[in-house]
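Note that the numbering runs from 1 along the sequence shown for the chain. Quick caveat, the model's predicted, so the values are computed rather than measured.
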Amino acid sequence: MGLPLTYRLFARLGLLLLIGAAMANSVEPARLTILVAERMTAAGQPKPVEDKRAEAIRLLGEEARLQFDIKAYPWRRAQRMAELGQGLLWGVSRTTRREAALLLSRPIWDTHVWMVVRSGEAFSYHGLADLRGKTLSIMRGAQYGGEFEEQRGKLFKVEEESPSLESRLIMLALKRVDVVLLAVTRQDPHDMEQHLNQRYGHLGRWQIINRPMARDPIHIGVARNAPISHHLDRINSALDRLHQRGTLAALMAKPPSKPLTPACPAPLGRCPISPA
């Protein structure tokens, strides 16, 4: 006696669902461009993407079942490309202008905007008023919130320079600027100060103002209404899981994989620098 028709139909439906799931699992993950800020040496040569950033992008891709092709560009160009829907933008802080053009993911992690000065020239910082009359060096295209933008050119001067930290520290050593603003994930000012003096001690001696100028969560940005924006929900879910497991926090706390070496062995003024 054969099986009832209803039973056979349900069995076939179950088999089709299993086949569909197997096919879905075998499909290659979507491949997306992820845009990051370009880093340069003092000689104007591109630096590779930092190990921790590359690892975070890899972990996110695995968790979200997405393949990311990392492309580094000058920050303004990367922002423009993202606004045109040509890729996802890594490392976006929240501003009114950016939110008008981009949808932002859940926070990846926090960045601290540290103020670097010449050793012995530290000052107390409680707010932007303490920067009165100073000249600040920022990376070209960087933004630090509405209040900062409102006060630039009034309360303090701003020099927008190349993405080379070496070049900006040389400007500081030569007293062409008073403060270098540096947005990084390091949360301890003493750790940051030690890092700078180990890595760039050949240029001068550096001190970090103990209080950061700002602390901002950073996000992934994607153009509103662009076809790639439909991946944002998957990215957000993956970020939630990575945070719940503490994966990204553990990555940020991980010490460098190799000892620091000076960016240039020559004394100040002997290292070639890119033009401002």
Non-hydrogen atoms of W114 and Q187 that approach each other most closely = CZ2-O, 3.4 Å
H243 to P107 - nearest heavy-atom pair and separation = NE2-O, 3.0 Å
Only one of D130, D178, L131, V179 passes side chain to side chain contact (heavy atoms under 4.5 Å, CB included) with F156; say which it is.
-> L131
Got R224 and S229 here, is their nearest side-chain heavy-atom distance under 4.5 Å?
-> no
Which distance, rounded to the nearest 0.5 Å, do you find between the OG of S105 and the CG of D233?
-> 11.5 Å
Determine whether I208 and L196 make a side-chain contact, defined as any pair of heavy atoms from C-beta on separated by less than 4.5 Å.
-> yes
Drop me the distance from L239's CG to H219's NE2, to the nearest 0.5 angstrom.
-> 10.5 Å
If you measure from CG on N236 to CZ on R241, what distance do you get to the nearest 0.5 Å?
-> 10.5 Å
Residues I228 and G85: closest non-hydrogen pair is CD1-O, 3.8 Å
Nearest heavy atoms of E38 and A72, plus distance in Å | CA-CB, 4.1 Å
Between Q207 and G120, the two heavy atoms sitting closest are OE1-N, 2.8 Å
Electrostatic pair R39:E50 at N-O distance under 4.0 angstrom = yes
Consider only side-chain heavy atoms of I, L, V, M, F, W and Y, link residues closer than 4.5 Å, and tell whether I220 and L104 are in one cluster.
-> no
Under the side chain to side chain contact (heavy atoms under 4.5 Å, CB included) rule, what do V180 and L165 come out as? Steps first, then yes or no, please.
-> CA-CA 9 Å; V180 167; L165 179 55; 4.3 Å; yes
OH on Y125 to CG on N210, rounded to 0.5 Å = 13.5 Å
Assess the side chains of H112 and R186: does a donor N or O sit below 3.5 Å from an acceptor N or O?
-> no
Counting only heavy atoms not in R53, do more than 12 fall under 6.0 Å of its CZ?
-> yes
Treating Ile, Leu, Val, Met, Phe, Trp and Tyr as nodes and any side-chain heavy-atom pair under 4.5 angstrom as an edge, say whether M252 and L242 lie in one connected cluster.
-> yes
With sequence neighbours excluded, residues passing salt bridge (charged side-chain N to carboxylate O under 4.0 Å, His left out) with E147 | none
Decide if atom CZ of R176 counts as having more than 12 heavy atoms of other residues, nucleotides or ligands within a radius under 6.0 Å.
-> no
Check ion pair R168-E161 (N to O, under 4.0 angstrom) = no
Side-chain (R31) to main-chain (L66) donor-acceptor, under 3.5 angstrom = no
Taking a hydrophobic cluster as the set of Ile, Leu, Val, Met, Phe, Trp and Tyr residues connected by side-chain heavy atoms closer than 4.5 Å, whether directly or through intermediates, do M171 and V117 fall within one such cluster?
-> no
Identify whether M81 and L232 are in the same connected component of the hydrophobic contact network (ILVMFWY, side-chain heavy atoms under 4.5 Å).
-> no
Would you say the side-chain atoms of E159 and S137 include a donor-acceptor pair closer than 3.5 Å?
-> no
Any donor-acceptor pair under 3.5 Å from T135 side chain to V177 backbone = no
Full working for side chain to side chain contact (heavy atoms under 4.5 Å, CB included) between R211 and M115 | CA-CA 8 Å; R211 179 174 177 178; M115 293 172 283; 5.7 Å; no
Is V222 reachable from V36 through a run of I, L, V, M, F, W or Y residues, each pair having side-chain heavy atoms under 4.5 Å apart?
-> yes
Which of R77, R97, R98 passes salt bridge (charged side-chain N to carboxylate O under 4.0 Å, His left out) with E83? It is R97
Might you work through the side chain to side chain contact (heavy atoms under 4.5 Å, CB included) test for T33 and Q86, ending with a clear yes or no?
-> CA-CA 7 Å; T33 296; Q86 295 173 3; over 6 Å; no
Going through the checks in order, is the side chain to side chain contact (heavy atoms under 4.5 Å, CB included) test met by M40 and Q45?
-> CA-CA 5 Å; M40 304 293 288; Q45 298 300 314; 5.7 Å; no
Only counting residues at least two apart or in another chain, list the ones meeting salt bridge (charged side-chain N to carboxylate O under 4.0 Å, His left out) with D110.
-> R215
Taking the side chain as every heavy atom from C-beta outward, state whether I57 and I70 have any atom pair closer than 4.5 Å.
-> yes
Contact check, side chains of Y144 and R152, non-hydrogen atoms, under 4.5 Å | no
Flag side-chain contact, heavy atom, 4.5 Å: M213 against F148 = yes
Ion pair D216/R94, N-O distance below 4.0 Å | no
Looking at side-chain heavy atoms only, is the closest gap between R118 and E121 below 4.5 Å?
-> yes
Pairwise distance CG(L60) to CD1(I34) - rounded to 0.5 angstrom | 6.5 Å
What one should report as the nearest heavy-atom pair of W206 and L169 is CH2-O, 3.3 Å
Scan side-chain atoms only and decide if S237 and R106 contain a donor-acceptor pair under the 3.5 Å cut-off.
-> no
With sequence neighbours left out, write down each residue that passes salt bridge (charged side-chain N to carboxylate O under 4.0 Å, His left out) with R58, or none if nothing qualifies.
-> E55, E62
L88 vs I235 side-chain heavy atoms within contact, under 4.5 Å | yes
Look up atom CG in D191 and atom CD in Q194, then write down how far apart they are to the nearest 0.5 Å.
-> 6.5 Å
Does the side chain of V116 reach to within under 4.5 Å of the side chain of L181, using non-hydrogen atoms?
-> no
